[in-house]
Amino acid sequence: MEQTENTTNELIARLESKYSKLSKGQKRLADYVRQNYDKAVFLTAAKLGEIVGVSESTVVRFATQLGYKGYPGFQKALEELVRNKLNSIQRMEVTYGRISQSEILETVLHSDIEKIKQTLSVIDHKAFNLAIDTILGAEKIYVIGIRSCAPLASFFSFYLNLVCDEVTAVTTNSSSEIFEQLIRINEKDVIIGISFPRYSMRTLKALEFASNRKAKVITLTDSVHSPMNLYSSCNLIARSDMASIVDSLVAPLSVINALIVALCMKKQDEVVSTLETLEKIWGEYQVYSGDELNPVSGTVSVENDGRDTEGR
């Protein structure tokens, strides 16, 4: 966890070491940022300057003076500082304090679009291809995600099961259950850990356990500085929105979709065969009978096999 802590303190360290060399206006900026970093992280250069009483150009020079590549680089450092320090209530207050009720839908959707764009610009294609090869070469595949990441792990496991033979979605009700499910993991296997701020210690411990048993570790997380990467040789980075009451996991889901599609293309014949077999099973056991809505001529008809809910 030291790696994350060092990154968290980097901005404060720069502010302290360069404070004496800053101009009067820049010192006011430094004071404001240190006292209000949870608010400053959401401000544009112009807005930050307006609040402190300096020009936008002074704010940009301030960021450069600290050693960052302009204001965007400074904002990224602020995000790292804030990432693990805001609780859910603070995130809600900050988020909804910035936007009106009428703007919520547009703001959230545009934010999700931006997260996907950012992910596309930063994701390592070599790591993506390595993840595909690692999954295909593993005897057993374990997938773990906790709390808000649990649906991602469940979704990924569901589709991996259509492509690969041995897939385990690690259930996470307790730490002991996790280790019991991983007890036979070895160097022929792979574990995929999914975690975003606030990071899960249970997920981290599971990755550590698997790494100690020489299993390959793939992580899907939000930053190269994420503690999840401590035990991983294959890091997939997807942007998430930590400035919200709900975690925006649209970009991680897109990366998972890409992994599934790539795996299906690599094992196309096997996937087609599996789906053909499933279609026969679904038909034979009437898995979807009476449970489908089919559009007919602009209306919706409900199929029913004539049986009631108790199967009589």
Side-chain angles (χ1 to χ4, degrees), residues 1 84 88 131-132 134-222 226-238 240 242 245-264 267 271 274-275 278 281-282 285 287-288 291:
M1 301 292 284
N84 289 312
S88 297
I132 297 299
T134 302
I135 292 170
L136 291 175
E139 281 193 3
K140 295 181 180 179
I141 303 162
Y142 297 84
V143 185
I144 183 169
I146 292 175
R147 297 175 68 83
S148 62
C149 292
L152 293 180
S154 177
F155 180 89
F156 199 7
S157 300
F158 176 84
Y159 282 100
L160 277 176
N161 194 52
L162 298 180
V163 182
C164 305
D165 294 330
E166 296 280 350
V167 179
T168 298
V170 180
T171 55
T172 57
N173 291 330
S174 70
S175 295
S176 62
E177 282 187 5
I178 292 173
F179 297 128
E180 287 160 9
Q181 292 168 82
L182 296 175
I183 192 65
R184 293 182 178 85
I185 196 168
N186 59 50
E187 70 277 0
K188 297 178 181 179
D189 305 330
V190 62
I191 185 169
I192 303 166
I194 306 172
S195 187
F196 290 81
R198 287 184 257 170
Y199 303 113
S200 165
M201 180 59 73
R202 279 182 288 169
T203 300
L204 184 64
K205 289 297 183 182
L207 300 186
E208 179 185 16
F209 181 88
S211 178
N212 288 339
R213 281 150 183 77
K214 310 302 181 185
K216 296 175 180 65
V217 178
I218 297 171
T219 55
L220 177 57
T221 187
D222 69 312
S226 167
M228 296 302 124
N229 296 334
L230 290 173
Y231 304 103
S232 172
S233 58
C234 182
N235 309 323
L236 299 175
I237 306 301
S240 66
M242 55 87 185
I245 185 61
V246 289
D247 300 318
S248 175
L249 299 175
V250 171
L253 182 58
S254 288
V255 173
I256 288 173
N257 283 339
L259 287 168
I260 293 167
V261 171
L263 288 165
C264 287
K267 299 186 70 173
V271 172
T274 299
L275 290 175
L278 281 172
I281 293 171
W282 292 335
Y285 288 91
V287 171
Y288 288 112
D291 193 35

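The CZ atom of F156 sits 4.5 Å away from the CG atom of L259 when rounded to the nearest 0.5 Å. Considering CZ of F196 and SG of C149, their distance stands at 6.0 Å, rounded to 0.5 Å. To the nearest 0.5 Å, the span separating OG1 on T219 from CG on L207 amounts to 7.5 Å. Atom CG in L152 sits 4.5 Å away from atom CD1 in I256 (nearest 0.5 Å). Atom CE of M201 sits about 9.5 Å away from atom CD of E208, to the nearest 0.5 Å.
Side chain of E177 to backbone of T171: no donor-acceptor contact under 3.5 angstrom is found. Of the possible donor and acceptor atoms, one in the side chain of D189 sits under 3.5 Å from a partner among the backbone N and O of N186. Distance alone, capped at 3.5 Å, is enough to place a donor-acceptor pair between the S157 side chain and the A153 backbone.
For E166, there are no salt bridge (Lys or Arg N to Asp or Glu O under 4.0 Å) partners, not counting sequence neighbours. Every residue meeting the ring-ring contact (aromatic ring centres under 6.0 Å, His included) condition with Y159, not counting sequence neighbours, appears here in chain and number order: F155. The side chain to side chain contact (heavy atoms under 4.5 Å, CB included) search around A262 returns F128, I132, not counting sequence neighbours. Taking the salt bridge (Lys or Arg N to Asp or Glu O under 4.0 Å) definition, one finds that K188 meets it with E139, sequence neighbours left out. In this structure T134 satisfies the side chain to side chain contact (heavy atoms under 4.5 Å, CB included) test together with L130, V190, K216, I218, sequence neighbours excluded. With sequence neighbours left out, the salt bridge (Lys or Arg N to Asp or Glu O under 4.0 Å) criterion links K214 to no other residue.
With a 4.5 Å cut-off on side-chain heavy atoms, K140 and T168 do not count as touching. Annotation: side chain of F179 is in contact with side chain of K205 (closest heavy-atom distance under 4.5 Å). Side-chain contact between L160 and I192 is present, with at least one heavy-atom pair separated by less than 4.5 Å. For the pair I237/N229, a side-chain contact is recorded, criterion being any heavy-atom separation below 4.5 Å from C-beta on. Proximity of V163 to I135: side-chain heavy atoms (C-beta onward) are nowhere separated by under 4.5 Å. Here the side chains of T221 and N235 are not in contact, with every heavy-atom distance at 4.5 Å or above. The side-chain heavy atoms of I144 and L182, taken from C-beta on, include no pair separated by under 4.5 Å. Using a 4.5 Å heavy-atom cutoff, the side chains of I194 and P252 are not in contact.
Smallest separation of non-hydrogen atoms from S195 and S200: OG-N, 3.2 Å. Scanning both residues, V217 and Y231, for their nearest heavy atoms gives CB-O, 3.2 Å. Listed here is the closest heavy atom pair of G193 and T203: CA-CG2, 4.4 Å. Scanning all heavy atoms of the two residues, the minimum distance from A131 to L236 falls at CB-CD1, 4.2 Å. P227 approaches L204 most closely through the heavy-atom pair O-CD1, 3.2 Å. Listed here is the closest heavy atom pair of Y199 and S226: CE2-OG, 3.4 Å.
In summary, the side chains of D222 and S240 do not present any donor paired with an acceptor at a separation below 3.5 Å, with no hydrogens or angles considered.
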